[in-house]
Amino acid sequence: MIRAAVVVLLAAVAAVVTVALAGDPGRASLVWLGWRADLTAAAAVLLTLFASLAAALAWRMLLFILAAPERAARRRAELRRRQGDEVLTRGFLAAAAGEGAEARRLAAKAAELAEDSPRLVRVLAAQAAEAAGDAAAVEAAYSAMLGFPDMRLAGHRGLMQLALSKGDRAAALRHAQEAYGEARTARWAWRVLLEDRLERGDWDGALELVKGALSRKVVSPLVAERARAALLAALAARLEHAPEPKARTQALDHAVQAAKLQPGFAPGVVMAARLLAQDGKAPRAAVALQAAWKVAPHPALFLAYRDLKTDETPKERARRLSELAAQNPTHRESRILYVEQALIAGDPAAAREAAGGLEGEPVTARLAGLFARIAYAAGEPDEARLWLARGMSAPHEPDWSDLDPEGRAFAYHASDWARLVTSFAEAGELIHPRLERQERSLSELPELPLSYADAASLMEAQPIDLPAFPIEEHAFAADELSLEEAAPAPHRRPQPRRRLASAPRAAK
């Protein structure tokens, strides 16, 4: 307004000056109520302009005076809003700090001041009641949220957590189910329902839940795919030992589907390979194992691949295993496999050369046993004995613990599968239940005749081209080495052959 008036005034002054300079100032007469005023045209213009500005200013002043009450009300509302925001902030901080009494006082004050933020006031009231430990107030606060569509998820979650704290699992699941049924749901509701199905061993129900979560975009496609692969493997493990042929056929279909979904999921691939081999489809099993080795090598994959054929010579077997290692040649398991296939082929020099790629690895019981076999094959029994002694105190490898003492891979219970589904779906990682429970696994140390015999007498009594660990016969030290002085070692009764990739125990 002021700037507009200044512009008009400057324009009028410019007009007056222009007229005055032109030499024809002009005349203007004003007659009003018997009065007559004669003046120049420039003076009349200026007078009119000043009168207009005075009238406008008077009008604006009148409007300003009339709007004073409204302005005062707006100022009071703004001050009240600021006070409400301040009280809400302090209340949330008090609840987060565990100051229940202060948080509840501020929540009551916020209910009076923050009339424009009723949702935040309800949330603060619930959190203040939780901080104060008032279960009845907490339930009332979260129950009140259920009456507002945009607060139902928060209400169901709070009531679910309250039910869990009381030990009422049925009520907690009911609230999770209702939250999952909302049009706009949250991942926490899906996770609670999934864990319930996993705990009950309801693999079919968990599969349906995962498919539904994917279609509703509650979880990412990757998480859903990994969860489906693990659940299909768990379902196959349960059906594998069913007496009905139809159930065993379903187990094969589920295991094959799990291997296709996630080639890096070793339990599913090993199970699929075993079932395919039993069904006379060893070539398909070999393809699945090779694909899995390319993604994530695991010792159980090597053993399952090795056991696909039992009627081949050591050199043929070594050649076949080298093809598996070539799928992922730089991986640690592939470097170990190169050593294995050299030992199978009866070439200790090549085995020692291949073992050079493992020099930087931390020594585990498995590696110590491997180096002991290399030394024995090379005719160095003292070195082999030292490696065996070192392996007795070396740590075990988590992946190797997935093989039980009978050589069965991934012999999981139902609870193990439940945990595996969760860990693999969310992080893509395998768990090792046998290692966690400190259960015995397949021995990592071979049983060799190394009782303080010199190399010459040992070589005369025993050929050095032993079959590689463990191929035709298992020879593992179950307990500890014999350190008696004798040369050569006495003849040992051969142990019956055990297949390492045999079927897992039935899930309990």
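We number each residue from 1, following the sequence as shown. Atom set for the values below is all heavy atoms of this structure, side chains included, hydrogens, waters and symmetry mates excluded.
Taking CD from Glu208 and CG from Leu231, the interatomic distance works out to 11.0 Å, rounded to the nearest 0.5 Å. Distance CH2/Trp203 to CH2/Trp417: 8.5 Å, rounded to 0.5 Å. Note that the CG atom of Asp196 and the CZ atom of Arg191 stand 13.0 Å from one another [nearest 0.5 Å]. Between the CG atom of Leu388 and the CG atom of Leu445 there is a distance of 6.0 Å, given to the nearest 0.5 Å. Taking CG of Leu193 as the start and CH2 of Trp188 as the end, the distance is 8.5 Å to the nearest 0.5 Å. The structure places CZ of Phe424 at 5.5 Å from CZ of Phe265, a figure rounded to the nearest 0.5 Å.
Between the side chain of Trp387 and the backbone N or O of Ala375, no donor-acceptor pair lies under 3.5 Å. Formation of a donor-acceptor pair under 3.5 Å by the Arg248 side chain with backbone atoms of Ala242 is found in this model. Here the side chain of Arg390 pairs no donor or acceptor atom with the backbone of Ala368 at under 3.5 angstrom. In terms of modelled atom types and a separation under 3.5 Å, the side chain of Thr249 and the main chain of Pro245 share a donor-acceptor contact. Judged by distance alone, the side chain of Arg317 and the main-chain N or O of Lys309 form a donor-acceptor pair under 3.5 Å. In this structure, the side chain of His156 does not engage the main chain of Ala176 through any donor-acceptor pair within 3.5 Å. Looking at Asp416, its side chain does come within 3.5 Å of a backbone N or O of His413 through a donor-acceptor pair.
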Evaluate the salt bridge (Lys or Arg N to Asp or Glu O under 4.0 Å) criterion for residues Glu439 and Arg437: first the C-alpha distance (whole Å), next the side-chain angles of each, then the deciding distance (0.1 Å), finally the verdict.
CA-CA 5 Å; Glu439 294 183 4; Arg437 293 192 291 264; 2.7 Å; yes

- [ ] Kindly determine whether Leu321 and Tyr338 satisfy side-chain contact (heavy atoms from CB on, under 4.5 Å), including the steps that lead there.
- [x] CA-CA 8 Å; Leu321 291 178; Tyr338 280 128; over 6 Å; no

Exercise for review: Evaluate the criterion side-chain contact (heavy atoms from CB on, under 4.5 Å) for residue pair Gln341 and Arg306; output intermediate values, then yes/no.
Suggested key: CA-CA 10 Å; Gln341 64 94 16; Arg306 186 207 68 188; over 6 Å; no

Pair Glu383-Arg352, salt bridge (Lys or Arg N to Asp or Glu O under 4.0 Å): steps then yes or no:
CA-CA 13 Å; Glu383 180 183 349; Arg352 191 176 290 276; 3.7 Å; yes

(message) Evaluate Leu275 against Asp279 for side-chain contact (heavy atoms from CB on, under 4.5 Å), listing each step before the verdict.
(response) CA-CA 6 Å; Leu275 295 176; Asp279 200 36; over 6 Å; no

Margin query: Could you go through Glu182 and Arg216, starting from their C-alpha distance and side-chain angles, then the distance that decides it, and tell me whether this counts as salt bridge (Lys or Arg N to Asp or Glu O under 4.0 Å)?
Written below: CA-CA 11 Å; Glu182 294 288 332; Arg216 299 173 64 179; over 6 Å; no

Can you check side-chain contact (heavy atoms from CB on, under 4.5 Å) on Leu343 and Leu370, steps first, answer last?
CA-CA 10 Å; Leu343 290 173; Leu370 184 67; 4.2 Å; yes

Salt bridge (Lys or Arg N to Asp or Glu O under 4.0 Å) assessment of Arg320 paired with Glu316: CA-CA 6 Å; Arg320 189 163 59 87; Glu316 290 174 343; over 6 Å; no

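Closest heavy-atom contact between Ala237 and His241: O-CD2, 4.0 Å. Minimum interatomic distance between Pro263 and Val295 (heavy atoms only, all atoms of both residues): CB-CG2, 4.1 Å. In terms of heavy-atom proximity, Val269 sits nearest to Ala259 at CG2-CB, 4.0 Å. Contact detail for Ala365 and Glu444: the closest heavy-atom pair is CB-OE1, 3.3 Å. Considering all non-hydrogen atoms of both residues, Ala125 and Ala141 come closest at C-CB, 4.3 Å. Closest approach of Ala372 and Ala384 over heavy atoms only: O-CB, 3.3 Å.
The pair Arg274-Glu240 meets the salt-bridge criterion, with a side-chain N (NZ, NE, NH1 or NH2) lying under 4.0 Å from an Asp/Glu carboxylate O. In this structure, Glu436 pairs ionically with Arg419, as a charged nitrogen and a carboxylate oxygen lie closer than 4.0 Å. Comment: Arg373 engages Glu340 in a salt bridge, judged by a side-chain N to carboxylate O separation of less than 4.0 angstrom. Arg197 has no carboxylate O lying under 4.0 Å from a charged side-chain N of Asp204, or vice versa, which leaves the two without a salt bridge. Salt-bridge check for Arg408 with Glu406: failed, with every basic side-chain N at 4.0 Å or more from each acidic carboxylate O. Look at Asp168 and Lys166 and you find no salt bridge, because none of the NZ, NE, NH1 or NH2 atoms lies under 4.0 Å from a carboxylate O. Of the charged side-chain nitrogens involved, none lies within less than 4.0 Å of a carboxylate oxygen, so that Arg335 and Glu359 do not count as a salt-bridged pair. Of the charged side-chain nitrogens involved, none lies within less than 4.0 Å of a carboxylate oxygen, so that Glu361 and Arg366 do not count as a salt-bridged pair.
In this structure, a donor-acceptor pair under 3.5 Å is present between the side chains of Gln290 and Tyr305. Glu397 and Thr364 are linked by a side-chain donor-acceptor pair at a separation below 3.5 angstrom, with hydrogens and angles left out of the test. Counting only N and O atoms by type, the side chains of His298 and Glu333 include no donor and acceptor under 3.5 Å apart. Side-chain contact of Tyr142 with Glu130: a donor-acceptor pair under 3.5 Å is present, judged by distance alone.
Enclosure of atom CD in Glu426 by more than 12 non-hydrogen atoms of other residues, nucleotides or ligands within 6.0 angstrom is indicated. Counting non-hydrogen atoms of neighbouring residues, nucleotides and ligands closer than 6.0 angstrom, the CZ atom of Arg119 reaches no more than 12 such neighbours.
Residues Val256 and Leu252 form a side-chain contact, since some pair of their non-hydrogen atoms from C-beta on lies under 4.5 Å apart. Side-chain atoms of Val123 and Met151, non-hydrogen and from C-beta on, do get closer than 4.5 Å to each other. Two residues are said to be in side-chain contact when any heavy atoms from C-beta on lie closer than 4.5 Å; Glu429 and Ser423 fail this criterion. Looking at Leu420 and Phe410, their side chains never come closer than 4.5 Å, going by heavy atoms from C-beta outward. Residues Leu337 and Leu324 have side chains in contact (heavy-atom distance under 4.5 Å, counting atoms from C-beta outward). Side-chain atoms of Pro405 and Leu442, non-hydrogen and from C-beta on, never get closer than 4.5 Å to each other. Side-chain contact check for Ile336 versus Leu367: some heavy-atom pair is nearer than 4.5 Å. Side-chain contact check for Ser143 versus Leu159: some heavy-atom pair is nearer than 4.5 Å.
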